[in-house]
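A quick write-up on the structure given underneath.
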Number of protein chains: 2
Amino acid sequence: MHKPRVSQMASQRNLVRQEKPETAHRFASDYALEDQIGHLLRRANQRHTSIFFESLSDQKLTPTQFAALVKIGDEKEVSQNRLGRLTAMDPATILGVVKRLGDRKLIAAHPDPNDGRRSLWRLSSRGERLLTEVLPIATRITRHTLAPLSRGEQSTLLGLLRKLS
Amino acid sequence: MHKPRVSQMASQRNLVRQEKPETAHRFASDYALEDQIGHLLRRANQRHTSIFFESLSDQKLTPTQFAALVKIGDEKEVSQNRLGRLTAMDPATILGVVKRLGDRKLIAAHPDPNDGRRSLWRLSSRGERLLTEVLPIATRITRHTLAPLSRGEQSTLLGLLRKLS
DNA sequence: AATAATTTGTTCGTATACAAATGAATTTCA
DNA sequence: TGAAATTCATTTGTATACGAACAAATTATT
């Protein structure tokens with residue numbers, strides 16, 4: 001006997017713990033993976049994602065799904081590709097995100113009368129309710145993610161990351 | 001007539017450009033997606049990945065594949081799961097990374113005489129050659145990624161990200 | 001008006017990323 | 001020593017993430 005699988009999506013994520021190697025010997029003595037910006041960004045992202053899933057395991061929203069909801073809420077009405085640009089997602093990526101939100105009836109599409117190629121996406125009332133419920137949690141997720149840093153460090157980090165965009 | 005698809009992997013990546021919304025109206029006036037740590041980390045990661053693929057399009061290495069090569073090079077001999085811990089990858093993720101590196105004969109597995117469950121992975125001579133060739137490029141990737149920041153800002157950022165790990 | 005260039009949304013393919021579950025081997029410990 | 005717990009590698013399923021190519025619709029150019 002075992003518990004059934006989660007249907008929609010993994011409910012929670014455990015942050016992968018990185019093991020520190022004991023030896024200081026390296027193939028290239030001057031290249032330490034742990035000190036590279038790419039590795040540090042990837043790990044910070046992992047930690048944030050882990051906190052995100054922990055905090056929103058009930059609502060079963062992924063970070064990108066949440067970002068899409070937020071932007072549709074801001075724009076009221078937005079085409080799929082533009083939503084992708086607003087959330088920094090490739091057209092092929094936003095396609096799947098929107099599809100899954102649509103399947104869950106959190107958003108709905110209406111054809112654009114002025115452009116036969118486009119559909120305009122809006123929040124459904126379910127989507128609005130969910131977004132209202134989730135926004136305060138998202139604020140806590142941000143706080144939790146930044147908790148290891150002081151206030152000053154937090155705004156420094158945000159400023160530096162903005163320059164790297 | 002059209003060009004054939006790339007077989008192994010996408011050759012290059014174009015950074016997804018984020019569009020800034022014109023209106024300041026937001027569903028929740030106090031939640032701006034662009035200012036959230038998660039969104040900024042995601043975008044910084046996207047940019048780094050884009051630079052990585054641009055710089056290493058010839059060698060056809062992904063960031064995680066490269067990380068695995070580096071760590072195998074450092075360790076000389078390492079089991080699959082431990083390699084995952086060293087590179088901060090889930091067992092299911094490192095499985096695929098190692099499989100693809102193995103398929104390309106960049107690494108090879110030898111059974112562990114002391115543990116019937118494990119195989120120990122090593123760099124092949126091809127893998128050693130490739131790693132030697134790629135390490136200077138990886139250093140340039142790090143420099144290029146951090147280029148928008150001054151020297152001082154760079155080490156500040158690395159320090160803050162380390163605290164977030 | 002005819003043509004060229006662009007935009008929109010889609011499909012296909014590859015590669016992370018991770019939860020959950022599992023069998024086999026090993027280690028821990030009562 | 002023998003049962004329990006852990007570790008290793010694997011399988012299945014879901015969700016990004018993005019390149020490449022494409023058809024249809026729209027816009028820009030001539």
Side-chain angles (χ1 to χ4, degrees), chain A residues 1-16 42-43 45-46 49-50 52-54 57 60-68 78-85 87-101 103 109 111-112 114-121, chain B residues 1-16 42-43 45-46 49-50 52-54 57 60-68 78-85 87-101 103 109 111-112 114-121:
Chain A
M1 274 306 99
H2 58 272
K3 276 180 282 183
R5 278 163 192 260
V6 179
S7 61
Q8 267 284 329
M9 146 192 355
S11 62
Q12 196 184 334
R13 298 200 171 194
N14 293 317
L15 181 55
V16 179
R42 183 169 159 276
R43 297 245 294 138
N45 230 328
Q46 280 180 331
T49 307
S50 167
F52 192 100
F53 277 102
E54 245 176 89
S57 60
K60 305 266 182 277
L61 279 183
T62 65
T64 47
Q65 287 171 10
F66 169 70
V78 62
S79 73
Q80 188 172 294
N81 276 13
R82 188 164 125 79
L83 180 60
R85 287 193 298 273
T87 53
M89 284 183 247
D90 189 80
T93 302
I94 195 66
L95 174 84
V97 174
V98 157
K99 188 192 173 307
R100 282 179 284 275
L101 291 174
D103 288 348
D112 185 338
N114 304 319
D115 191 331
R117 299 166 301 179
R118 285 197 282 196
S119 294
L120 297 174
W121 290 95
Chain B
M1 269 303 100
H2 59 272
K3 274 180 282 183
R5 279 162 191 260
V6 179
S7 62
Q8 267 285 325
M9 152 195 348
S11 61
Q12 195 183 333
R13 299 201 169 194
N14 294 317
L15 180 55
V16 179
R42 185 170 158 275
R43 298 244 293 137
N45 230 329
Q46 281 180 333
T49 307
S50 167
F52 192 98
F53 277 103
E54 246 175 89
S57 59
K60 304 267 182 278
L61 278 182
T62 65
T64 47
Q65 286 171 9
F66 169 70
V78 61
S79 76
Q80 188 172 295
N81 276 14
R82 188 164 125 81
L83 180 60
R85 289 192 298 274
T87 53
M89 284 183 247
D90 190 78
T93 302
I94 195 68
L95 175 83
V97 173
V98 157
K99 188 191 171 309
R100 283 180 283 276
L101 290 175
D103 288 348
D112 185 338
N114 303 320
D115 192 333
R117 300 166 301 176
R118 289 197 280 195
S119 297
L120 298 173
W121 290 95

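Letters go in sequence order (proteins before strands), and every chain restarts at 1.
- Per the geometry, CG belonging to A:Asn81 stands 14 Å off C1' belonging to D:dT26, to the nearest Å.
- Rounded to whole Å, the distance from CG on B:Leu83 to C1' on D:dT7 is 16 Å.
- Take the nearest nucleotide of DNA chain C for B:Met89 and for A:Leu95: the residue whose nucleotide is more 5' is A:Leu95.
- We find that CZ of A:Phe53 is positioned 9 Å from P of C:dA19, with the value rounded to whole Å.
- If you check every strand for non-hydrogen atoms under 4.0 Å, A:Ser119 touches sugar and phosphate atoms only.
- Heavy-atom minimum distance, B:Asn81 versus B:Pro91: OD1-CB, 3.9 Å.
- In this structure a side-chain-to-backbone donor-acceptor pair under 3.5 Å is present from A:Arg42 to B:Ala88.
- Distance, B:Arg82 CZ to D:dC8 P: 10 Å, rounded to whole Å.
- Of the side-chain N and O atoms in A:Gln46, one or more sit less than 4.0 angstrom from OP1 or OP2 of C:dC18.
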Pick out the pairs of N or O atoms, protein on one side and nucleotides 23-26 of chain C on the other, that lie under 3.5 Å.
from: C:dA25; atom 1: O3'; to: B:Gly116; atom 2: N; distance (Å): 3.3
from: C:dA25; atom 1: N3; to: B:Arg117; atom 2: NH1; distance (Å): 3.3
from: C:dT26; atom 1: OP1; to: B:Gly116; atom 2: N; distance (Å): 2.6

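- What separates CG of A:Asp112 from C1' of C:dT7 is a distance of 13 Å, to the nearest Å.
- Base engagement by A:Thr93 is indicated by at least one non-hydrogen atom pair under 4.0 Å involving a base atom.
- Ranking D:dT10, D:dC8, C:dT16 by closeness to the B:Arg85 side chain, first place goes to D:dC8.
- Taking 4.0 angstrom as the limit, B:Arg42 places a side-chain polar atom (N or O) nearer than this to OP1 or OP2 of D:dA17.
- Annotation for A:Leu101 and A:Ala68: closest pair CD1-CB, 3.9 Å, computed over non-hydrogen atoms.
- Between A:Arg100 and the phosphate of D:dT16, there is a side-chain N or O to OP1/OP2 separation shorter than 4.0 Å.
- If you take CG of A:Asn45 and C1' of C:dC18, they are 14 Å apart, rounded to a whole angstrom.
- Closest approach of B:Leu15 and B:Ser50 over heavy atoms only: N-OG, 3.6 Å.
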Subject >> Worked verdict on A:Met89 versus B:Gln46 for side chain to side chain contact (heavy atoms under 4.5 Å, CB included) >> reply: CA-CA 10 Å; A:Met89 284 183 247; B:Gln46 281 180 333; 5.6 Å; no
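- Rounded to whole Å, atom P of D:dG19 lies 15 Å from atom CZ of B:Phe52.
- What you find for A:Leu83 and A:Val78 is that their closest heavy atoms are N-CG2, 3.7 Å.
- Protein atom CG of B:Asp90 is 11 Å distant from nucleotide atom P of C:dA20, rounded to whole Å.
- The side chain of A:Gln65 approaches D:dA15 more closely than any other nucleotide in the set D:dA15, D:dC8, C:dC18.
- Here the straight-line distance linking atom CZ of B:Arg82 with atom CZ of B:Arg118 works out to 9.0 Å at 0.5 Å rounding.
- Counting heavy atoms from C-beta outward, A:Thr87 and A:Ile94 have side chains that approach closer than 4.5 Å.
- Sequence order on DNA chain D of the closest nucleotides to B:Leu15 and A:Gly96 puts A:Gly96 first from the 5' end.
- Remark on DNA chain C: of its neighbouring residues B:Ala92 and B:Val97, the 5'-side contact belongs to B:Val97, judged by nearest-heavy-atom nucleotide.
- The shortest distance between the side-chain N/O atoms of A:Thr64 and the OP1/OP2 oxygens of D:dT16 is below 4.0 Å.
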